[in-house]
Every structure is written in C-alpha cells, then in structure tokens.
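Here's the structure, in structure tokens; my notes come after.
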Amino acid sequence: MSTSKIQNAVRKSYQNLQYQLENFVPRRAQNFLVAEITKTLCGEYHKSNRILVAEAGTGIGKSLAYLMAVIPVAVLNNRKVVISTATVALQEQLINKDLPLYRRISDVEFSFTLAKGRQRYCCSEKLAAASGTDGGQMAMFESKPEEEEISLLQELYTALATNKWDGDRDSWPDPIPDNLWNLIVSDKHTCNPALPAHRDCPFQKARTNLDTADVIIANHHLVMADADLGGGIILPEPENSIYVFDEAHHLPLVARDHASAAASLRGAASWLEKLNQLTAKFSSLADEKRVGRFRNDLQESIQVLIPQLTALSKRFDPAQFSEGICRFEMGELPSWLEEESKELKKASQKAAQCVAKIADLITERLKDGEISRRLAEPALSEIGFYTQRLDNLAQVWNLMAEPQREKGAPLARWLEINPDREGDFIVNVSPLEVGWQLDQQIWSRCIGAILVSATMRALNSFQFFCRQSGISERTEDGVRFLALSSPFEYQKNGELLIPKMKWEPQATEFTDYLAEILPQYIIEGKANLVLFSSYWQMNKVSESLHKTFLKNGWALQIQGKSSRGAILKKHQTLVKKGKTSILFGTGSFSEGLDLPGDLLENLVITKIPFAVPTSPVEQAHAEYVEMRGGNPFMQISVPEASKKLIQSVGRLLRKEQDSGRVVILDRRIVSKRTEKPYSIHCHLLAALLNSH
C-alpha cells in the first residue's frame with residue numbers, strides 16, 4: 001500500500017476528530033506523535049527496524065494518537081495490530097471509548113476484540129458439574145461445599161446458559177473466590193476445541209474472534225505467554241503484526257516474571273507421590289498398547305524425583321537462612337547442587353513429557369468415542385493439574401542446571417523456607433535481564449513496534465528502559481525516541497501538599513498513624529482517591545476508619561471488594577449527587593484509571609513507591625550492578641520510584657480544565673538526604689516537575 005494513501009487516511013481521521021469531541025483542543029504534541037508513528041511504521045527512518053519509543057505526558061492523548069497512526073498502516077497492508085496494556089483499566093478505556101471513537105472518525109474499516117488468557121474464562125462443562133447440573137458436583141470438591149458456594153455456582157451457570165454472562169471472570173459484577181474459580185476455570189487439557197462438548201465454551205468463542213479481528217487488545221502477560229510458546233499460538237504471528245505496548249515501562253518486569261520459576265522440595269515430592277498412585281488409573285483410560293511405555297517411564301522418573309527432592313530438603317539448615325532466605329551470590333551454586341540440579345532436570349523433563357503424552361492418548365480415545373466424557377473429562381482435568389506442576393518443576397531445574405554465563409547478567413537463584421510446610425524449602429530462579437529475550441522473541445521478528453508510556457524515561461534518560469527491554473540506543477539502528485511534555489498547566493490547576501508527618505513509612509507506627517490523620521486530608525463533597533503501598537495496609541486503614549467515614553456520611557469503596565467496573569460506576573453516581581466518594585486502591589489503581597473532571601479532585605499518596613530492597617531478585621540485581629562498578633540505588637531504586645510516583649500523580653489532571661490537589665504523606669520526598677552524588681528528594685521532585 002502506498003504511503004500517500006496511509007497519510008491521507010491518517011490526516012482525514014485527525015481532521016474529523018474535532019467534529020466528534022466537544023471542546024476539542026488541537027494538541028501539537030498529539031499531532032506530532034501521530035506523524036512520527038506513521039513515519040516510523042512506513043519505514044522512513046529505517047527500512048527494517050521500525051521501532052518508536054515515546055514518553056508522552058498526561059493529556060497528550062497518546063492512545064488516540066497511536067490508533068490514528070497504527071491502524072491505517074496495518075489494515076491497508078493486511079497486517080494485524082496487537083495493542084498490549086499493563087492494566088485492565090486501560091483495556092476497558094480502549095474497548096469502550098477510544099476504539100469506538102476512532103471508528104467514527106476513520107474511513108478505514110476495521111474490527112477489534114479483547115484477548116485474555118485462558119485462565120480468565122470458565123469452562124461450561126466444569127461449571128455444569130460444579131453447580132450440580134449434571135450430577136457430578138460432589139466429586140469436584142475436596143470437602144463438602146458451603147451453601148453460599150453452591151448458590152453462586154448455580155447463579156453463574158444460569159447466567160451463562162441464558163447468555164447473561166459470557167464466562168469471563170472479569171465481567172462478573174462481584175469477585176469470584178479463587179477456590180471456586182479454580183474448580184471451573186478453563187484449561188488446555190479438558191477444554192479442547194476438538195471435543196464437541198467444548199466448542200461453545202467461553203474461551204473457544206473468545207478465541208474465534210481473534211482470527212478475524214484486525215485489532216487485538218491484549219496485556220503484557222498474554223503477549224509474553226504467546227512469545228514463550230514461540231509466537232502466533234495465542235495471538236497473531238509476530239511476523240504479521242504491528243505491536244503497540246502502552247504502559248510499556250511494565251514490559252521488562254512482566255517478561256522477567258514469565259522467565260522465572262519456583263517449586264518446593266517436599267511439596268513437590270508429596271504431589272508426585274499422589275501422581276504415582278494415579279498413574280495406573282490414568283493409563284487405563286488410554287490405549288493399552290501405546291500407553292505402556294509412557295506409564296513405565298513416568299513411574300521410573302517419579303521414583304528418581306521423590307527420594308532426590310526429599311533428600312535435598314534435608315541438606316539445608318534453616319538456622320543459616322537470613323529472614324527465611326538463602327541466596328546464592330552471583331547465582332553460583334555449590335558443585336554438589338549443580339550435579340543434583342542436572343539429574344533433577346533430566347528426570348522432571350522426562351516426567352512432564354510422559355504425562356502430556358498420556359493426556360494426548362486419553363483425548364484421542366475420547367474424540368473417537370471409545371470412552372465416555374463422564375470418565376475422561378475428570379481424569380483429563382486431574383492430569384492437567386499435574387502437567388502444569390511438572391512443566392513448572394522441569395523449568396525450575398532446567399534453570400538451576402544452566403551453566404554460569406560468560407557474558408551478561410547471571411541468574412538469580414535462592415531458597416526460601418516454605419511457610420506452609422514444615423521442613424520444606426522453595427527453590428527460586430529468575431533472570432536479571434531479559435532484554436535479549438524480548439529482542440529475540442519480538443523486536444527482531446515483528447513488522448514494527450510502538451512503545452509508549454507517561455514514564456518511559458528515568459532521570460530524563462531512556463537508557464534505563466532500553467537496557468531493560470533490549471532496545472538499541474544507537475541512532476544508526478533506526479529506533480526513534482520522543483519525549484513529549486504534558487500540555488496541562490499543572491502549576492495553575494494543581495496543588496501539591498506535603499504535610500509535616502510524625503512518622504515516616506518505615507516506622508511500625510506509620511499504618512496506625514495513617515488511620516489517625518487521613519480523615520483531615522479528605523475533601524468533603526468531592527471525589528477522593530487514596531493510594532496505598534500494599535493491600536495489607538489499605539485493608540488495615542479501612543477497618544480503622546470504617547466507622548468514622550460512616551459517621552461523616554462518606555462513601556468508601558475498596559479495591560478488590562467489588563469489580564473495578566462496579567466501583568467506578570458507583571463512584572460516578574455518588575459524585576454526580578455531590579456526595580463524598582473515597583476510593584482506596586493499591587499500585588494498579590495508580591495507572592490506567594481515567595477519572596477526568598470532578599471524578600477526581602483530591603489524590604492522596606500514602607508512600608513513595610520505592611521497590612522493596614529485600615527482594616532476592618533486587619538484591620541480586622544490585623549485586624550485579626555493583627560488580628560492574630555501578631550504583632544500584634541511583635540506577636535502580638530512584639528511577640523506579642520516580643516513574644511510579646509520576647504515574648500516580650497522573651491520575652489527577654486528565655483534561656485541560658481539570659484541577660485538584662495532590663497530598664503526599666511521605667516526608668522522604670523532601671527530607672531524606674544521602675551521601676550519594678544527589679539526594680532522593682531532588683530526583684523525585686525533579687521527575688514530578690519535568691513530567692508535569
């Protein structure tokens with residue numbers, strides 16, 4: 001498709017925008033971002049490396065900008081668009097607001113859909129069994145279910161059967177408890193589209209839409225899950241896709257989480273013993289002539305794993321652990337543990353392969369009608385549970401057995417005492433840097449990639465993000481970098497309040513002190529958002545203030561107590577009535593929430609979001625940075641804190657006419673000094689001022 005046709009499509013949609021939005025104000029930064037994305041994807045800067053990294057401040061309208069630029073390039077060239085976010089809130093904004101708006105202003109015809117992982121959908125057959133509809137209810141519960149649990153399951157089943165619910169966990173108005181959801185969640189072994197009973201399962205219906213959609217909204221976890229499978233398994237192939245990573249600063253950490261693994265020693269031995277007892281039952285459902293070899297190999301592998309894992313758990317002394325953790329510096333294992341890891345890798349991989357093969361053989365007989373669904377599906381569900389655990393166990397020991405790398409960062413390896421099982425330890429492995437993996441899986445394969453966020457830079461540099469994400473900083477490699485300031489007049493419309501505090505966040509008295517002083521920083525008759533550093537602290541403060549808020553006639557809604565959509569809908573209703581509405585949230589509420597105008601006029605941040613320095617991965621990363629002559633405090637802690645703080649403040653002023661107040665109940669932003677080259681408060685305040 002010629003560049004001129006793409007440019008005309010982009011230009012026309014931008015011209016039409018003013019007729020669709022009331023009080024439309026042209027934004028030079030948005031116009032510039034649209035143009036730069038279009039040029040990048042059309043190959044004007046580099047013929048093959050079509051990547052743009054843009055920090056776009058609040059109010060620029062970055063989501064609409066990339067839609068206006070990316071969709072014409074993709075659709076007019078018969079490519080797919082994968083838009084990946086870090087939060088559900090931004091997904092909902094794209095699906096319910098931005099994409100419908102762009103469709104109205106564009107002449108380019110396109111379809112879009114939301115992609116979620118399988119674990120977000122229920123399996124209709126499992127739900128029927130759990131609710132008692134098909135008589136298999138009690139077999140699914142380890143103990144007798146409560147009446148309210150049965151009632152909820154029956155309510156879910158009725159809603160699904162009457163098309164009043166789509167089977168998506170996130171679309172149910174109230175949180176579904178984990179123990180019930182785990183009974184009915186879709187899994188790759190039982191919810192198989194090759195089986196007639198599952199062709200209309202919620203997950204299968206959702207997947208059908210992906211094949212025909214031009215634009216797919218996903219999240220970073222799903223993109224990385226697809227990449228780990230080789231790409232093109234869940235989402236479109238990278239070679240036919242243009243990626244947009246919004247909230248892109250989260251991507252490196254998500255990639256690192258996906259490359260990490262953990263498993264217990266005695267705990268694994270325990271469930272392996274159960275699997276050994278069930279192997280004969282599972283094998284009896286498969287073809288006897290073909291299953292024998294896999295059954296024998298599985299049992300042999302289990303007989304190697306159980307005694308080795310049990311013996312290994314006895315070789316560590318909990319008294320030598322620091323705060324329940326034993327970390328191997330620079331990822332180096334003692335020679336005896338290296339040898340153990342190699343043997344455990346071999347046995348666990350073999351066991352995982354055998355269980356997967358037995359499941360395949362049972363599925364074949366079920367498809368051919370040789371065994372009944374009532375017999376096969378419960379067994380496949382059980383096998384699915386063990387397959388996932390064996391895959392994870394194999395991944396742990398594969399990483400533990402990996403030789404030390406000559407170049408690049410080492411793996412972080414550590415043990416921690418299992419709090420749920422006496423005498424047990426959890427083995428953890430995590431990479432420190434995953435940039436090379438992102439390059440291998442995505443950047444070097446895709447048609448193009450646009451990475452945007454309000455906080456891409458750390459201390460006014462893209463270097464930190466590039467190093468984390470595997471994107472080249474060299475100009476000759478063709479990557480484009482943009483830093484676009486917010487158009488809002490923050491000094492005119494916003495007020496920053498940092499009150500004197502009796503206690504700082506690290507003090508044990510801080511949480512009780514928060515509950516004591518917080519009411520005086522709530523604005524009556526207005527919309528308030530209070531951000532906490534942890535669920536524990538949020539719930540503790542909410543319990544303490546429940547009666548006070550009730551007495552004052554203030555409405556409090558707490559993240560996790562209802563679905564995000566239900567919370568925001570109630571919040572909007574309360575604000576329209578002039579009530580005092582207070583939202584309590586944690587880190588995920590600091591990003592993606594779009595509360596313009598009077599929907600948010602008072603933002604309270606209880607703590608500067610510094611990363612926890614006691615995390616073994618962070619300790620290992622700091623150790624690696626120090627080994628290379630760097631300063632982990634300045635290179636890791638301060639950059640991360642500045643980005644998170646800016647994201648939080650960005651919830652307040654969403655449009656030009658918005659106004660409000662930010663209250664930071666953490667004096668460290670102005671009081672803490674260090675003997676490092678610069679002080680914390682200089683960097684954090686500078687980050688706020690430069691971005692806003």
Side-chain angles (χ1 to χ4, degrees), residues 1-7 9-11 29-56 60 62-63 65-84 220 223-224 227 231-232 235-252 255 407-408 433-458 460-485:
M1 178 61 64
S2 68
T3 302
S4 61
K5 288 185 178 180
I6 293 170
Q7 290 174 337
V10 173
R11 191 178 299 113
Q30 184 184 52
N31 201 1
F32 182 66
L33 182 57
V34 172
E36 288 299 294
I37 293 174
T38 306
K39 290 177 183 178
T40 299
L41 294 179
C42 288
E44 289 193 24
Y45 297 119
H46 198 279
K47 291 300 180 184
S48 58
N49 200 21
R50 305 181 183 191
I51 298 176
L52 180 142
V53 179
E55 180 177 275
I60 286 176
K62 59 182 178 294
S63 57
Y66 61 65
L67 294 179
M68 287 192 287
V70 174
I71 291 177
V73 175
V75 173
L76 296 177
N77 284 290
N78 296 314
R79 304 295 190 181
K80 297 281 190 177
V81 178
V82 176
I83 302 175
S84 178
H220 300 344
V223 171
M224 290 313 305
L235 300 170
E237 300 84 355
E239 289 79 6
N240 193 44
S241 301
I242 296 173
Y243 290 91
V244 177
F245 289 98
D246 203 338
E247 302 172 319
H249 59 285
H250 283 290
L251 185 61
K407 295 182 179 180
E433 295 179 351
V434 291
W436 64 272
Q437 186 175 335
L438 285 167
D439 181 45
Q440 187 180 64
Q441 295 177 332
I442 299 176
W443 314 138
S444 63
R445 295 177 61 188
C446 66
I447 298 296
I450 307 300
L451 297 93
V452 295
S453 170
T455 51
M456 294 294 278
R457 294 179 299 168
N460 295 323
S461 172
F462 286 104
Q463 184 180 32
F464 183 66
F465 177 77
C466 288
R467 189 170 61 246
Q468 285 187 313
S469 58
I471 291 176
S472 174
E473 298 174 75
R474 301 191 311 168
T475 54
E476 59 266 33
D477 289 337
V479 180
R480 294 289 290 172
F481 295 94
L482 299 178
L484 305 172
S485 299

Query raised in the report: Looking at side-chain heavy atoms only, is the closest gap between Ile471 and Phe465 below 4.5 Å?
Result: yes
Query raised in the report: Counting distance only, does the side-chain N/O of Ser472 pair as donor-acceptor with the main-chain N or O of Arg474 below 3.5 Å?
Result: yes
Query raised in the report: Is any side-chain heavy atom of Phe245 less than 4.5 Å from a side-chain heavy atom of Ile442?
Result: yes
Query raised in the report: For Leu67 and Val244, what are the C-alpha separation, side-chain angles and deciding distance, and is it a side chain to side chain contact (heavy atoms under 4.5 Å, CB included)?
Result: CA-CA 9 Å; Leu67 294 179; Val244 177; over 6 Å; no
Query raised in the report: Is there a side-chain contact between Leu235 and Ser241 (heavy atoms, below 4.5 Å)?
Result: no
Query raised in the report: Are any of the side-chain heavy atoms of Leu251 and Ser469 separated by less than 4.5 Å?
Result: no
Report summary line: Residue pairs passing the salt bridge (charged side-chain N to carboxylate O under 4.0 Å, His left out) test with at least one member in residues 68-79, sequence neighbours excluded, are none
Report summary line: Those residues at least two apart in sequence (or on a different chain) that pass side chain to side chain donor-acceptor pair (under 3.5 Å) with Thr40 are none
Query raised in the report: Closest heavy-atom contact between Tyr243 and Pro236?
Result: OH-O, 4.2 Å
Query raised in the report: Does any N or O in the side chain of Arg50 come within less than 3.5 Å of the main-chain N or O of Leu41, such that one atom is a donor and the other an acceptor?
Result: yes
**Report entry** Asn49 versus Val479, closest heavy-atom pair with distance
**Finding:** ND2-CG2, 3.6 Å
Query raised in the report: Heavy atoms, side chains only, cut-off 4.5 Å: are Cys466 and Phe481 in contact?
Result: yes
Report task. Please name the pair of heavy atoms, one in Asp246 and one in Lys62, separated by the smallest distance, quoted to 0.1 Å. Result -> OD1-CE, 3.6 Å
Query - Donor-acceptor contact below 3.5 Å, side chain Gln468 vs main chain Pro252 - result: no
Query raised in the report: How would you list, by chain and number, every residue that makes a side chain to side chain donor-acceptor pair (under 3.5 Å) with Ser444, sequence neighbours excluded?
Result: none
Query raised in the report: Do any N or O atoms from the side chain of Glu55 and from the backbone of Met456 form a donor-acceptor pair under 3.5 angstrom?
Result: yes
Report summary line: All heavy atoms of Gly470 vs all of Asp439, minimum pair found to be O-CB, 4.0 Å
Requested in this report: Locate the shortest heavy-atom distance separating Ile60 from Ser485; write the atom from each residue and the value.
Outcome: CD1-O, 3.5 Å
Query raised in the report: Distance from Trp436 atom CH2 to Gln440 atom CD, nearest 0.5 Å?
Result: 5.5 Å
Report task. Answer yes or no: is there a side-chain heavy-atom contact under 4.5 Å between Leu438 and Met224? Result -> yes
**Report entry** Positive for side chain to side chain contact (heavy atoms under 4.5 Å, CB included) with Val70, one of Ile83, Ile37, Val75, Thr38
**Finding:** Ile37
Requested in this report: First locate atom CD1 of Ile450, then atom OG of Ser84, and finally report the distance between them rounded to the nearest 0.5 Å.
Outcome: 14.0 Å
Query raised in the report: If you measure from CG on Leu451 to OH on Tyr66, what distance do you get to the nearest 0.5 Å?
Result: 11.5 Å
Query raised in the report: Can you name the closest pair of heavy atoms from Ala248 and Ser453 and give their distance?
Result: N-CB, 3.9 Å
Report task. Could you tell me the separation between the CD atom of Glu473 and the OG atom of Ser461, rounded to the nearest 0.5 Å? Result -> 6.5 Å
Query raised in the report: Quick one: OG1 on Thr3 to NZ on Lys39, what's the gap to the nearest 0.5 Å?
Result: 12.0 Å
Requested in this report: Hey, could you give me the CG/CD distance between Leu484 and Glu36, rounded to the nearest 0.5 Å?
Outcome: 9.0 Å
Query raised in the report: Quick one: does Trp443's side chain have a donor or acceptor within less than 3.5 Å of a partner on Ala449's backbone?
Result: no
